Amino acid sequence: MTQEMMDLGTDAPDQTEMLGPDSATWRYFGDWRGMLMGLWSGSMQNMHPKLAAGVWEYSDFFDERWERLLRSIYPIGGVVFDRTPATGKQVRDYHLTIKGTMPDGKRYHALDPDVFYWAHATFWYGNVRCAEFFGPPITEADKRRLFEESRIWYSMYGVSMRPCPDTYEEFLEYWDHMCRRVLRDHEAVRTVLDITTLPPPPWMKGWMPLWLWRRQIGGVNRLFMWITTGLYDEPIREMLGLTWSDSDERRLRLFGKAVSAAMKLVPPRYRRHPRARDGDDRAAGRVPMDAPILETPKRNLPSEAERDNPIHYCPVHATRRAQLPWQSNTVND
């Protein structure tokens, strides 16, 4: 543990417990429906003033939004599905150098326990919000189990457990307090919510003409902004000046039922993100437990100039990279 981490109070716990295929987190996390939560997750994280300051000053997220998002899902999901504490420590260490001073003179650090836990809260609680609207069905018992498992998940980062609520009820109070008293609007939030200037995602380049992408992106932005508004708590809508009617709520619920019904037609294996699918394969014996970690496709890597930056997950060389579900993940890099 570095002196800086000690100064921040990141008293890494001695935690060896891992989440496995019998956990609720494995059941709800890693589903492609989570992509519908993209604007919600990114904007909710950036509403924390200190987190927004770090993103705005350090991250090249706004220059390569697709690539950053698509490659970041791998280590974030890997904390749950890799069955090793190494991935959590890796994610933690991407944040070691992210620190600075906010406009009001207050200092921030990405490993400030309150900041780091807030980001984690949006990850695990996003599972609840996603299931409530888009499936799979979730019970109150599932929500409580997800909360208990979220503490195990968070402990894998090797940071301070101080901010973690002890009970699900305390977490809901914490969430409401954050929404009402702590979170703030920020230019980073508004930038996340505006996808109209985005280029096609890396996997789409080469087969969708740019003119066609530009023609449809405005409609996609309106759809995702509508979904995100519905997912927000009311205090967040008020803060951002967004309106939401009973009619909107009914239509979003119907849309969610349609998404849930459509996903039931998709083979279970194809509903999963590659890192989650690889975890399933290891647990089922289809992939050896000691096989190399499944890495992001090369198309998602940062630019050559950024590949030595320690804030990036940047597996330039890999034995296994994610392919389509029916393809081999073994590659020659």
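From a predicted model like this one, the values you see are computed outputs, not experimental measurements.
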Under a 3.5 Å cutoff, is there a donor and acceptor pairing between the side chains of [X] and [Y]?
| X | Y | answer |
| --- | --- | --- |
| E57 | Y108 | yes |
| T196 | D194 | yes |
| D142 | T139 | yes |

Tell me, yes or no, whether the heavy-atom count around [X] atom [atom1], taken from other residues, nucleotides or ligands under 6.0 Å, exceeds 12.
| X | atom1 | value |
| --- | --- | --- |
| R222 | CZ | no |
| R215 | CZ | no |
| R253 | CZ | yes |
| D308 | CG | no |

task = With sequence neighbours left out, write down each residue that passes ring-ring contact (aromatic ring centres under 6.0 Å, His included) with Y125, or none if nothing qualifies.
result =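 If we apply the ring-ring contact (aromatic ring centres under 6.0 Å, His included) test to Y125, skipping adjacent residues, the hits are F171, W175.
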task = Could you label the plane-to-plane angle of the H273 and W32 rings as parallel, tilted or perpendicular, counting under 30° as parallel and over 60° as perpendicular?
result = tilted
query = In terms of ring plane angle, is the pair H120 and Y154 parallel, tilted or perpendicular, where the classes change at 30° and 60°?
reply =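 The rings of H120 and Y154 sit tilted, inter-plane angle from 30° to 60°.
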Are [X] and [Y] ion-paired here, with the side-chain N under 4.0 Å from a carboxylate O?
| X | Y | result |
| --- | --- | --- |
| R190 | E187 | no |
| D176 | R180 | yes |
| R272 | D31 | no |
| R269 | D281 | yes |
| E17 | R151 | no |
| K143 | E148 | no |

task = Assess whether side-chain hydrogen bond (donor to acceptor under 3.5 Å, both in side chains) is satisfied between W118 and Q45, documenting all intermediate values.
result = CA-CA 7 Å; W118 172 248; Q45 288 177 26; over 6 Å; no
message = The criterion is salt bridge (charged side-chain N to carboxylate O under 4.0 Å, His left out); which residues satisfy it with D233, sequence neighbours excluded?
response = none
request  = Mark yes or no for whether R275, through its side chain, and G77, through its backbone, hold a donor-acceptor pair below 3.5 Å.
outcome  =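 Pair absent, no side-chain N/O of R275 close to backbone of G77.
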request  = Check whether any side-chain N or O of S150 sits under 3.5 Å from a backbone N or O of F147 as a donor-acceptor pair, and report yes or no.
outcome  = yes
message = Whether R92 engages the ring of F116 as a cation-pi pair (distance to the six-membered ring centre under 6.0 angstrom, angle to the ring normal within 45°) should be assessed.
response = no
request  = Let me know which of Y117, F29, W26, Y28 forms a ring-ring contact (aromatic ring centres under 6.0 Å, His included) with W153.
outcome  =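 Single ring-ring contact (aromatic ring centres under 6.0 Å, His included) partner of W153 among Y117, F29, W26, Y28: F29.
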request  = Walk me through it: do Y313 and Q90 pass the test side-chain hydrogen bond (donor to acceptor under 3.5 Å, both in side chains)?
outcome  = CA-CA 9 Å; Y313 159 66; Q90 180 186 48; over 6 Å; no
